[in-house]
Amino acid sequence: MSDALSRANRPIGLFDSGIGGLTVARAVAQRLPHERLVYFGDTAHLPYGDKSTAAIQAYAVKICDLLLRQQCKAILIACNSASAAAYELVREYVGSKARVLNVIDPIVAHVGRHFAGRTVGLIGTKQTVNSNVYKKKFDALDVGVDLHSLATPLLAPMIEENFLANAVSNDIIASYLANPALAGIEALVLACTHYPLIKPQIDAYYQGKVAVLDASEAVAAHTAAYLAAENLLASPGPTPPTHHFYVSDYTPAFEESTRLFFGQEVQLELYPLWE
Ligand code: DGL
């Protein structure tokens, strides 16, 4: 087997603070059904959205060591907070051993193409919003996107508790979206792994007047384009690939939540990275 071929058949590594990144893994698995995924959810340190940049960077580097030991050909940071806090550092750390991808650049490119010169809203964790990373990237694109961001820290725990479409969740969603910071937007970026699960409720709030953008689709498309350009697409095998889903702390509740985020329940394997 040639080097390029054996590299192509290595897995894609993904990591997140927990199981929310499974929305990204799901989009990647649907788009690239022949790719083997190795997913790491750092459930021992959940949530990243309230952590310092330094803490997230330290976690991310150690998780990348694990994914490199698993021979991953690419590492996708399947978490907005970690992409905001650690992408540059991780990219430098991993070097030529694997390509590092994040969940921010593909949606920034998409917005730049479709909403140039427009007012665009963004919701995410405190870490993501306070990092200002989206604003910096839009400013660098220089296509006149006027970004209005709002931290919405109640949404991720609410979704984890399966509060998606009831009176309480609808009230919380409406109260965030009515914030003056988001007035006059024409599109809204869902800058958190959990938010695709409440996209129908957000769409209902805006009644079609605002384009609600689920980044996971753009991320999966970007991953596919990168692998194709580098000749790194896995060749189809006789059976579907076997994915691995590791977590740094295991509870049955995490496993049950995989159904919510991945669309089907998957078996979580405990990998006590921090012991
Ligand atoms: N995965 C995180 C993100 O996308 C949300 C959950 C957390 O705060 O850890 O920002």
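For ligands, and for the atoms within them, numbers begin at 1 and follow the listed sequence.
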Any nitrogen or oxygen of Ser17 lying under 3.5 Å from a nitrogen or oxygen in ligand 1? Just yes or no.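 Yes.
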Could you identify the single nearest non-hydrogen protein atom to [atom] and state the distance to 0.1 Å?
| atom | result |
| --- | --- |
| atom 5 (C) of ligand 1 | Cys192 SG, 3.6 Å |
| atom 10 (O) of ligand 1 | Ser81 OG, 2.6 Å |
| atom 2 (C) of ligand 1 | Cys79 SG, 3.5 Å |

Logged contact type for Thr193 with ligand 1, heavy-atom cut-off 4.0 Å, is both
Using a 4.0 Å heavy-atom cut-off, say whether Asn80 meets ligand 1 through its side chain, its backbone, both or neither.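 Near ligand 1, Asn80 shows its backbone as well as its side chain.
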Would you please indicate if the ring centroids of Tyr48 and Tyr59 are separated by under 6.0 Å?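 Yes, they do, as the ring centres are separated by less than 6.0 Å.
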Just jot down the ligand 1 atoms closer than 4.0 angstrom to any heavy atom of [X], in number order.
| X | result |
| --- | --- |
| Asp16 | 1 (N) |
| Tyr48 | 7 (C), 8 (O), 9 (O) |
| His194 | 5 (C), 6 (C) |
| Gly49 | 7 (C), 8 (O), 9 (O) |

Should Asp203 and Lys199 be marked as a salt bridge (Lys or Arg N to Asp or Glu O under 4.0 Å) after you check the CA-CA gap, both sets of side-chain angles, and the distance that decides it? CA-CA 6 Å; Asp203 277 329; Lys199 185 174 181 295; 3.0 Å; yes
Would you call the rings of Phe115 and His110 parallel, tilted or perpendicular if under 30° counts as parallel and over 60° as perpendicular?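 Ring orientation of Phe115 relative to His110: tilted.
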Measure the shortest side-chain to side-chain distance between Ile104 and Tyr87 over non-hydrogen atoms and say whether it is less than 4.5 angstrom.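 Side-chain contact under 4.5 Å: no.
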Answer yes or no: is there an ion pair linking Arg118 with Asp146, defined by an N-O contact shorter than 4.0 Å? no
Taking Arg10 first and then Glu35, would you say they form a salt bridge - that is, a charged N and a carboxylate O separated by under 4.0 Å?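 Result for this pair is no, no salt bridge flagged.
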Looking at Phe254, I want to see if its CZ is surrounded by more than 12 non-hydrogen atoms of other residues, nucleotides or ligands under 6.0 Å.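 More than 12 within 6.0 Å, yes.
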